[in-house]
Protein chains: 2
Amino acid sequence: MLKYQEISIEIEKYIEENALQQGDKLPVLETLMAQFAVSKSTITKSLDLLEKKGIIFQVRGSGIFVRRHKRKGYISLLSNQGFKKDLEDFQITSNIIELDVRTPTEEAAHNLNIEPNADVYYVKRIRYINGQTLCVEESYYNKSIISYLNKEIVSESIFNYIREGLGLKVGFSDSYLHVEKLNDEEANYLGLNKGDPKLYVEGIFHLTNGQPFDFSKVTYNYQQSQFFLQSNGYLL
Amino acid sequence: MLKYQEISIEIEKYIEENALQQGDKLPVLETLMAQFAVSKSTITKSLDLLEKKGIIFQVRGSGIFVRRHKRKGYISLLSNQGFKKDLEDFQITSNIIELDVRTPTEEAAHNLNIEPNADVYYVKRIRYINGQTLCVEESYYNKSIISYLNKEIVSESIFNYIREGLGLKVGFSDSYLHVEKLNDEEANYLGLNKGDPKLYVEGIFHLTNGQPFDFSKVTYNYQQSQFFLQSNGYLL
DNA sequence: TCGATAAATTATACCGGTACAATTACAATA
DNA sequence: TATTGTAATTGTACCGGTATAATTTATCGA
C-alpha cells in the first residue's frame with residue numbers, strides 16, 4: 001500500500017472515530033506532515049484523494065475541513081465498487097436468472113470493443129434490498145479478460161473477484177442514465193406495473209489500461225432509486 | 001491563469017483539433033515537459049486534471065491515452081456549470097415564473113445552513129430544450145452571499161454572474177436524485193400526465209470556502225432526461 | 001516460431017525546497 | 001465601535017531531483 005493511500009485512510013478513520021462534523025477543521029498541513037513523517041507533497045496527495053472522494057475540502061489560507069454529505073439511504077453513483085461497497089448497511093441479495101457464455105449483442109460488442117463473434121459471460125440477475133426488488137441487471141463480461149465466472153463468484157462481489165482472484169485492476173467507468181416507463185417484462189421482474197417509472201443505467205467498466213471488460217444494463221425499481229452524487233467543479 | 005490549467009486546455013484543444021479518438025496516444029511526459037517548458041510535476045498536474053475530467057487516462061509504463069466517451073445528447077451530471085456550459089449545442093431557453101426575495105422553507109434553510117428568517121432569492125422557472133420542456137426548477141439563493149439578482153441575470157448564466165459579476169468562486173456540489181411519479185401540478189408544468197415518470201434532483205452548491213449558496217430542486221421531463229456520468233474509481 | 005528473460009520505456013511515488021495567494025488575526029487609526 | 005491597513009497563517013503552484021513499478025520491446029535460447 002502506498003504512503004499517500006494509507007495516510008488518506010488514516011485521516012478518514014480519524015474523522016470517523018472523532019465524529020467530526022461538516023465544517024470541522026483538521027490539523028494544518030505542517031502538523032500532518034510531522035504526524036505522518038512524510039513530505040508536504042505526500043500529505044497533499046492524500047488530501048487531494050480525500051477531496052476527490054468528497055470527504056474533505058481545502059481552503060487556501062484557511063485550513064482543511066470535513067465535508068460531510070451523504071444523506072442516509074442514498075447510493076453513491078461515484079465509485080466502481082459495484083454494490084457491496086456502498087451498501088454495507090443494507091441487506092443486499094440477488095437472484096441469478098441466467099449465467100452462460102454466449103456471443104454478445106451488437107450493442108454489447110460495440111461497448112466492449114470486441115468482435116461480434118467473441119465470447120462473453122452473460123449474467124442476468126435481480127437484486128434485492130431489504131427484501132424489496134432493487135433492480136434487474138444484465139451484464140456482459142469480455143471473456144478474454146474475465147476468463148472464468150460461476151454462480152458463487154457472481155453472488156459474491158464480482159469486482160472483488162476481478163481484483164483479488166484475477167489480479168486485474170479496475171480503472172474507470174462511464175455511465176449513461178435516463179428515465180422511461182417500464183414495459184411488461186420489466187414490471188413483472190420488479191413487481192411493479194407497466195408504465196411505472198423506470199430508471200435505466202448503462203455502465204461500461206474499464207481496466208486501468210483502458211480495456212472495457214463489463215457492459216451492464218440496469219433497470220431500477222424507482223421506489224428504491226435514491227442516488228447520491230457529488231462534484232468538485234472544474235472552474236477553468 | 002495557472003500554468004497547469006493553461007496546459008490542460010492546450011492539450012484538450014490539441015485532442016480536439018487533431019480529432020484524436022478513444023485509445024489514441026498522446027506524446028510522452030518528457031516530450032510534453034519540453035514542449036511546454038515546465039517541470040514534470042506541472043505537466044502531471046495538468047494531466048491529472050484532464051483525467052479527472054474524463055478526457056484522458058494514464059497507464060504507467062505505457063503512456064497517456066484519450067478517453068473519448070460522451071454519447072451525443074447526454075448531459076453530464078458532473079460539473080457545476082449549470083446548464084449553459086454543457087448544452088452549448090442545444091437551444092436552451094427558460095421561462096421565469098417567479099423571482100422574489102423571501103424567507104426560505106425549513107428544508108431550504110437547512111440545506112443552505114441559514115436561519116429560517118434569513119432572506120433568500122427564490123427563483124422558479126421552466127427550462128426548455130429545443131422547444132420542449134426540459135424541467136421545472138426551484139432555486140433558493142442565500143441572499144447574504146448572492147446579494148442581488150434580477151430577471152436578466154437569471155435568464156443568462158447565473159453561475160457566470162456569480163463568478164464574474166460577484167467575484168465569488170464556485171467550489172463543490174452535492175446532488176441527490178431519485179425517481180418518482182409526477183403529480184398534477186408538475187405534469188401540468190411539463191406538459192405531461194399525472195403518474196408519468198419524474199426524475200427529481202436536489203442540488204446544494206457551495207463556494208470554495210464551503211458555504212452553500214444555492215439549493216435547487218429540479219423536476220425533469222423524463223423524455224428529455226438523458227444523463228452522462230463518469231467515475232475514476234478509488235481503488236483502496 | 002515460440003516462449004522465457006532481459007533491457008528499455010514510461011508513468012508514478014516521494015522528497016525537499018522557494019515563492020505566492022488567499023484568508024484570518026491583529027493592530028492602528030479615525 | 002467600526003474600519004482600514006498590516007502581519008501571520010495556511011494551502012497551492014511550481015521547480016528539479018531520485019527511485020520504483022508497470023508495461024512494452026528487444027534478445028536470446030530451444
Side-chain angles (χ1 to χ4, degrees), chain A residues 1-9 11 23-52 56-67 145 163 167-172 206-211 232-236, chain B residues 1-9 11 23 25-52 56-67 145 163 167-172 207-211 232-236:
Chain A
M1 177 81 68
L2 300 167
K3 279 192 190 178
Y4 79 93
Q5 291 180 326
E6 292 220 44
I7 292 170
S8 106
I9 292 172
I11 294 174
D24 283 357
K25 200 175 172 183
L26 289 170
V28 301
L29 261 182
E30 217 163 339
T31 309
L32 293 171
M33 273 172 72
Q35 215 152 75
F36 293 102
V38 291
S39 75
K40 191 177 336 188
S41 53
T42 302
I43 287 289
T44 299
K45 216 154 181 244
S46 309
L47 296 172
D48 287 350
L49 182 56
L50 288 170
E51 188 159 53
K52 206 168 122 186
I56 61 163
F57 63 94
Q58 302 178 73
V59 186
R60 186 195 198 124
S62 181
I64 305 155
F65 305 91
V66 270
R67 166 182 176 189
I145 299 174
R163 273 192 289 270
L168 298 172
K169 269 165 294 180
V170 177
F172 53 91
H206 307 253
L207 299 179
T208 45
N209 69 5
Q211 282 184 68
N232 298 313
Y234 323 112
L235 341 146
L236 299 185
Chain B
M1 177 80 70
L2 299 168
K3 278 191 191 180
Y4 80 92
Q5 291 180 325
E6 293 220 45
I7 292 170
S8 106
I9 293 173
I11 294 175
K25 199 175 174 184
L26 289 171
V28 301
L29 262 183
E30 215 163 341
T31 310
L32 293 172
M33 274 173 71
Q35 215 153 74
F36 292 101
V38 291
S39 76
K40 191 180 333 192
S41 53
T42 302
I43 287 288
T44 298
K45 221 159 177 242
S46 309
L47 295 172
D48 287 348
L49 181 57
L50 288 170
E51 189 158 54
K52 206 170 124 186
I56 61 162
F57 64 94
Q58 303 177 72
V59 186
R60 188 200 199 115
S62 181
I64 306 155
F65 305 90
V66 266
R67 166 182 176 189
I145 298 175
R163 272 192 290 269
L168 298 172
K169 268 166 294 178
V170 178
F172 54 90
L207 299 178
T208 45
N209 69 6
Q211 281 183 68
N232 297 314
Y234 321 111
L235 343 144
L236 298 186

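Remember, predicted model here, so these are calculated numbers, not experimental data. A note on names: the letters A, B, ... follow the listed sequences, proteins ahead of strands, and every chain is numbered from 1.
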Stepwise side chain to side chain donor-acceptor pair (under 3.5 Å) check, A:Asn232 with A:Arg67 = CA-CA 11 Å; A:Asn232 298 313; A:Arg67 166 182 176 189; 2.7 Å; yes
message = What I'd like to find out is whether the side chain of A:Gln5 reaches to under 4.5 Å of the side chain of A:Leu2, using heavy atoms alone.
response = yes
query = Rounded to the nearest Å, what distance is computed from the CG atom of residue B:Leu49 to the C1' atom of nucleotide D:dA13?
reply = 14 Å
Atom CD of B:Glu30 with >12 non-hydrogen neighbours under 6.0 angstrom = no
key: Distance in angstrom units between B:Lys45 NZ and D:dG11 P, rounded   = 14 Å
task = Send over the distance from A:Asn209 CG to D:dA22 P, rounded to a whole Å.
result = 13 Å
inquiry  = For the CD atom of A:Glu51 and the OG atom of A:Ser8, what is their distance to the nearest 0.5 Å?
reply    = 12.5 Å
query = So, for B:Tyr4 and B:Thr42, which heavy atoms are closest and what is the spacing to 0.1 Å?
reply = CB-O, 3.8 Å
ask   = Does the side chain of B:Leu29 come within less than 4.5 Å of B:Leu47's, by heavy atoms?
value = yes
message = Is it the case that the side chain of B:Thr44 and the backbone of B:Lys40 share a donor-acceptor pair, with hydrogens and angles ignored and the cut-off at 3.5 Å?
response = yes
remark   = Here the distance between atom P of C:dC14 and atom CG of B:Asp48, to the nearest Å, is 14 Å
request  = May I have the distance from A:Glu30 (atom CD) to D:dT12 (atom P), rounded to whole angstrom?
outcome  = 14 Å
message = Using side-chain heavy atoms (C-beta onward) and a distance below 4.5 Å, is B:Ile64 in contact with B:Lys25?
response = no
query = For the pair made of CZ in A:Phe65 and P in D:dG11, what is the distance, rounded to whole Å?
reply = 8 Å
request  = Taking the side chain as every heavy atom from C-beta outward, state whether A:Phe57 and A:Val66 have any pair of such atoms under 4.5 Å apart.
outcome  = no
remark   = note: B:Gln5, atom CD; D:dA13, atom C1'; distance rounded to Å ~ 10 Å
Polar atom pairs (N or O), protein with nucleotides 15-17 of chain D, under 3.5 Å:
{"residue": "D:dC15", "atom": "OP1", "partner": "B:Lys3", "partner atom": "NZ", "Å": "3.0"}
{"residue": "D:dC15", "atom": "OP2", "partner": "B:Ser39", "partner atom": "N", "Å": "2.9"}
{"residue": "D:dC15", "atom": "OP2", "partner": "B:Ser39", "partner atom": "OG", "Å": "3.0"}
{"residue": "D:dC15", "atom": "OP2", "partner": "B:Thr42", "partner atom": "OG1", "Å": "2.3"}

query = How many Å lie between CG on B:Leu2 and C1' on D:dC14, as a whole number?
reply = 10 Å
So which protein N/O to nucleotides 3-10 of chain D N/O distances come out below 3.5 Å?
{"residue": "D:dT10", "atom": "O2", "partner": "A:Gly61", "partner atom": "N", "Å": "3.2"}

